[in-house]
*Asks:* 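Have a look at this one before I ask anything.
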Amino acid sequence: MSDEVRVRFAPSPTGYLHIGGARTAIYNWLFAKKHNGKFILRIEDTDKERSTEDSIKGIIDGLTWLGLDWDEGPYFQSAHIEEHKQAAQKLIELGWAYKCFCTKEELDAKREQAKKEKRPFKYDKTCRNLTPEEIAEKEKAGLPYCIRFKVPEEDGVISFDDVVYGKIERRFKDIEDFVIVRSDGSPLYLLSNAVDDIRDKITHVIRGQDGLANTPKQLLIYKALGAKIPVFAHMPLTLDLKKRKISKRTHGEVVSVQFYREHGFIPWALVNFLVLLGWHGPDDKEIYSLEELIEAFSLEGIGRANSIFNYRPGDPKFFTDPKALSINAHYLRNLPIEEIASYVKQEFLREGLWNPAYEGEKRKWFLETLDLIRTRYHTLKDFVNLGRAYFSDEYPFDPKAVKKNILKHPELAKWLPELAEKLEELEQFTLENTEEVIRNFAEEKQIKAGIIINGIRTVVTGQSVGPGLFDVLVAIGKDRVVKRLKATPSLFEQKDLQ
RNA sequence: GGUCCCAUCGUCUAGCGGUCUAGGACGCCGGCCUCUCACGCCGGAAACAGGGGUUCGAGUCCCCUUGGGACCGCCA
């Protein structure tokens, strides 16, 4: 099938997968899914100075974690260097390229001079018109040369229709004779990328807007090589609050996909957030299932303005873009509980909180408990931190909660153990029974039920906030509740909490 | 500096000449619910960068200004 859609994600492995790259991958992946096409992963590892094995692994791990599966690859650009060189050779033979013997020093000097005279620098084509004899002579002398593309000198333009930016035109005279092969014989990105896309039969190039400016040059290569030109779709960039392009160097871990994995994000929630950064569906829908997103996705929904990743370093409440957190929280409380359970299991295993019975005789209890506590959580980490008391007898006490709900009422040291005795006598530890006992107890002591209730919550969960108390008690269970309530006086002894 | 791109609430965005006293989402504020905190529900504050045109009519089309971004490497 010659009209099959083929797209690719072609990262250079010079660092971890960051959210900008992930977004590009997501758009390509969705486009392929939408059109029953192929999504190809190609690692552009020809910059040996900066490419690392770790980066390659990081990119693959990141894509895998996000669930972005590829149909072909990973291919490696470095495996095709010979092919790129041959393409350059062919361009020379066809008269579309020439050998340039200018040295880097000469060019730097000219560049410097141009800068001094405040005039734009463009290669002056010194070597474009060398005679075959001159070339042979220089080659015989062993002078190194790079290969430059011969940009047409006529008064024309090269133009293309970008799916998101519309018609883009560039005058030939504004394009310099760019280098396609270095003097050490190695091909440059502009060439390699085009040759690879031609070989991989890429039909749609979906990439960042930073590629927009060199698309005309690549178009020239496509044409010179007689290749079919793919459809181009450039997507706006993701900027920080100061409108700087996001990068590892300036933003650190918060822009890496790995960061979200380590901070309790559900992969699909991140995908959902990222896809919304610069894209809008046909209606006001913002939360999408995979099927819905594939159905709704189109290149036409991509906006033209750069979008800002709304993350404020040092914000105590939001460690990343609030909307990302909000979408994650949404999935946390709306996904089928079984799915949440499998994510929580991973977290528990890491923390040593996992109990195999959660998949056996305690399965029902486990799911019900997760369902009880999940509505107020934002990340998977909250299950092991805020929710620890439900799964372990070793749980932290929030000092503020202890101060407010326990220490303020010294009588609790006496009351709660007394209440524990009453609860212990219950045959059926149910919502109704526990509520009855506790409310009666409050009445008997002539205090507001709220004081007792909040006190108990703090003692048995370590926190001042959480689900309705009686649900909490039933979830934690009679034995553990009684034991914890009896230990209330010990909270008064921990001076460091006061 | 040269070439190109962009411009609606704090942020992500809807809007493709009249239905815009500009809609949704996140965040923020207030209320309801209530044993707390969330969830949920209800309500609120919050934007068409500025100036010229075109038109009966402009957020929507054109121009200029301003602001922002990208590219300008023998990096990818």
Side-chain angles (χ1 to χ4, degrees), chain A residues 10-14 44-47 49-51 77 100 102-104 107-108 111 114-115 117-122 144-148 162 165-166 168-171 174-176 178-184 186-190 192-193 208-216 234 236-237 239 241 243-245 273 276-281 283-287 303-312 317-318 321-327 329-330 333 373-378 401 404-405 435 438-439 442 448-458 463-470:
Chain A
S12 55
T14 54
E44 304 210 319
D45 59 343
T46 42
D47 183 347
E49 301 283 297
R50 298 193 297 154
S51 297
Q77 188 164 68
C100 169
C102 296
T103 65
K104 189 143 175 43
L107 292 173
D108 284 346
R111 214 186 307 272
K115 203 175 168 186
E117 293 168 21
K118 292 193 171 175
R119 135 180 95 69
F121 175 77
K122 244 174 64 192
Y145 63 85
C146 68
I147 300 176
R148 287 183 183 271
D162 190 276
Y165 287 100
I168 304 285
E169 275 187 348
R170 193 82 173 272
R171 290 178 295 272
D174 287 330
I175 308 173
E176 74 169 344
F178 53 96
V179 178
I180 54 177
V181 176
R182 293 185 188 84
S183 46
D184 68 359
S186 60
L188 247 17
Y189 163 79
L190 241 24
S192 299
N193 184 257
Q209 197 221 67
D210 42 355
L212 195 59
N214 44 40
T215 302
H234 287 89
L237 269 17
L239 275 25
L241 231 37
K243 304 201 171 162
R244 304 300 318 182
K245 206 168 133 180
F273 166 71
L276 253 23
L277 219 52
W279 173 84
H280 193 276
D283 49 36
D284 280 338
K285 193 176 178 61
E286 295 209 322
I287 300 291
R304 281 177 293 278
N306 291 338
S307 52
I308 292 170
F309 176 57
N310 190 18
Y311 128 85
R312 299 160 302 221
K317 197 167 173 191
F318 303 105
D321 191 312
K323 189 146 184 172
L325 248 10
S326 147
I327 290 175
H330 176 93
R333 59 179 184 266
I373 59 182
R374 65 168 165 168
T375 60
R376 64 218 81 212
Y377 292 173
H378 293 94
K404 179 177 150 207
N405 293 332
E435 176 157 13
I438 290 168
R439 291 206 186 274
K448 283 199 292 192
I451 292 174
I452 293 287
I453 288 172
N454 290 327
I456 297 174
R457 177 182 290 106
T458 300
Q463 296 181 304
S464 62
V465 301
L469 183 72
F470 311 110

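By convention in this document, chain letters (A, B, ...) are assigned in the order of the sequence lines, proteins followed by strands, and residues within each chain are numbered from 1. What you see is a predicted model; the values in this text were computed from it and never measured.
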*Asks:* Taking C-beta and beyond as the side chain, do A:L212 and A:Y165 meet within less than 4.5 Å on heavy atoms?
*Replies:*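 A:L212 reaches A:Y165 side chain to side chain.
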*Asks:* How far does the C1' atom of B:G31 sit from the matching atom of B:A45, given to the nearest Å?
*Replies:*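 Approximately 15 Å lies between the C1' atom of B:G31 and that of B:A45.
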*Asks:* Rounded to whole angstrom, note down the C1' distance from B:A49 over to B:U8.
*Replies:*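 To the nearest whole Å, 10 Å.
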*Asks:* Taking OH from A:Y311 and P from B:U11, how many angstroms apart are they, rounded to a whole number?
*Replies:*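 That distance rounds to 17 Å.
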*Asks:* For atom P, what is the distance between B:C41 and B:G24, given to the nearest Å?
*Replies:*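 Approximately 14 Å lies between the P atom of B:C41 and that of B:G24.
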*Asks:* Watson-Crick or G-U wobble partner for B:C4, using a 3.5 Å limit on both distances?
*Replies:*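 WC or wobble partner is B:G69.
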*Asks:* Quick one: the side chain of A:R457 and the base of B:C35, do they pair up donor-acceptor inside 3.5 Å?
*Replies:*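 Yes.
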*Asks:* Any idea which of B:A14, B:A7, B:G2 is nearest the A:A305 side chain?
*Replies:*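 The nucleotide sitting nearest to the side chain is B:A7.
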*Asks:* Between B:G10 atom P and A:F318 atom CZ, what is the distance in whole Å?
*Replies:*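 Going from CZ in A:F318 over to P in B:G10 covers 17 Å.
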*Asks:* Describe the nucleic acid contact of A:T46 in one word from base, sugar-phosphate, nothing, applying a heavy-atom distance below 4.0 Å.
*Replies:*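 Sugar-phosphate contact only - A:T46 comes under 4.0 Å of backbone atoms but never of a base.
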*Asks:* Return the pairing partner of B:C26 with a 3.5 Å limit on both distances, Watson-Crick or G-U wobble; otherwise return none.
*Replies:*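 Matched B:C26 with B:G10 under the 3.5 Å cut-off.
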*Asks:* Looking only at atom C1', what distance separates B:C6 and B:U21, rounded to whole Å?
*Replies:*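 Taking atom C1' in both B:C6 and B:U21, they lie 29 Å apart.
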*Asks:* A:L325: which residues meet the side chain to side chain contact (heavy atoms under 4.5 Å, CB included) condition with it, sequence neighbours left out?
*Replies:*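 With neighbours one apart ignored, the set is A:F265, A:F318, A:F319, A:T320, A:T379.
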*Asks:* Ignoring the backbone of A:D284, work out which of B:A76, B:G23, B:C74 is nearest its side chain.
*Replies:*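 The closest nucleotide is B:G23.
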*Asks:* Ignoring the backbone of A:N454, work out which of B:C72, B:C35, B:C12 is nearest its side chain.
*Replies:*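 So the side chain of A:N454 is nearest to B:C35.
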*Asks:* Measuring only the P atom in each nucleotide, how far is B:U65 from B:U3? A whole number of Å is fine.
*Replies:*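 Those two atoms are separated by 13 Å.
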*Asks:* Which value, in whole Å, describes the distance between the P atoms of nucleotides B:C16 and B:A22?
*Replies:*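 It comes out at 16 Å once rounded to the nearest Å.
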*Asks:* Could you write nucleotides 37-49 of chain B as a row of B, S and -, 5' to 3', where a protein heavy atom under 4.0 Å of any base atom gives B, of only sugar-phosphate atoms gives S, and otherwise -?
*Replies:* BBSS---------
*Asks:* Do other residues, nucleotides or ligands put more than 12 heavy atoms under 6.0 Å from A:K285 NZ?
*Replies:*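 Result for NZ/A:K285: enclosed.
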*Asks:* Look at the side chain of A:Y165 and decide which nucleotide, out of B:C4, B:C5, B:U13, has an atom nearest to it.
*Replies:*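 Between B:C4, B:C5, B:U13, the one nearest the side chain of A:Y165 would be B:C5.
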*Asks:* Would you indicate what A:E286 reaches in the nucleic acid, counting non-hydrogen atoms under 4.0 angstrom: base, sugar-phosphate, or nothing?
*Replies:*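 Result for A:E286 = base.
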*Asks:* Closest to the A:K323 side chain: B:A76, B:C74, B:C26?
*Replies:*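 The answer is B:C26.
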*Asks:* Under 3.5 Å, is there a donor-acceptor pair between the side chain of A:N405 and the main chain of A:T458?
*Replies:*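 Checking the backbone N and O of A:T458 against the side chain of A:N405, no donor-acceptor pair under 3.5 Å is found.
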*Asks:* Just to be sure I understand the rule, does A:L469 reach a base, reach only the sugar-phosphate, or reach nothing, if contact means heavy atoms closer than 4.0 Å?
*Replies:*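 Answer is base: heavy atoms of A:L469 come under 4.0 Å of a base.
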*Asks:* Could you measure between the two P atoms, the one in B:C48 and the one in B:A7, and give it in whole Å?
*Replies:*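 B:C48 and B:A7 have their P atoms separated by 16 Å.
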*Asks:* Flag yes if more than 12 heavy atoms outside A:R333 fall under 6.0 Å of its CZ atom; otherwise flag no.
*Replies:*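 Yes, the 6.0 Å shell around CZ holds more than 12 heavy atoms from other groups.
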*Asks:* Given the P atoms of B:C5 and B:A47, what is the spacing between them in whole Å?
*Replies:*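 Nearest-Å result for B:C5 against B:A47 at atom P: 31 Å.
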*Asks:* Would you call A:K245 and A:D210 a side-chain contact if the rule is heavy atoms closer than 4.5 Å?
*Replies:*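 Side-chain contact under 4.5 Å: yes.
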*Asks:* Answer whether the closest heavy-atom distance between the side chains of A:I452 and A:R457 falls below 4.5 Å.
*Replies:*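 Side-chain contact under 4.5 Å: no.
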*Asks:* Taking the side chain of A:S307 as heavy atoms from C-beta outward, which of B:C74, B:A76, B:C12 is closest to it?
*Replies:*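 Looking only at side-chain atoms, A:S307 lies closest to B:C12.
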*Asks:* Can you tell which of B:G10, B:C35, B:C4 lies closest to the side chain of A:R439?
*Replies:*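 Of all the options, the side chain of A:R439 is nearest to B:C35.
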*Asks:* Under 4.0 angstrom, heavy atoms only, what part of the nucleic acid is A:Q77 near: base, sugar-phosphate, or nothing?
*Replies:*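 A:Q77: backbone/sugar contact only, no base atoms under 4.0 Å.
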*Asks:* Write down the protein N/O and nucleotide N/O pairs, taken from nucleotides 65-70 of chain B, whose separation is under 3.5 Å; answer none if there are no such pairs.
*Replies:*
{"residue": "B:G69", "atom": "OP1", "partner": "A:R244", "partner atom": "NH1", "Å": "3.4"}
{"residue": "B:G69", "atom": "O2'", "partner": "A:N306", "partner atom": "ND2", "Å": "3.1"}

*Asks:* Search all heavy atoms of A:I168 against all heavy atoms of A:D162 and return the closest pair with its distance.
*Replies:*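 Shortest heavy-atom contact: CG1-CB, 4.2 Å.
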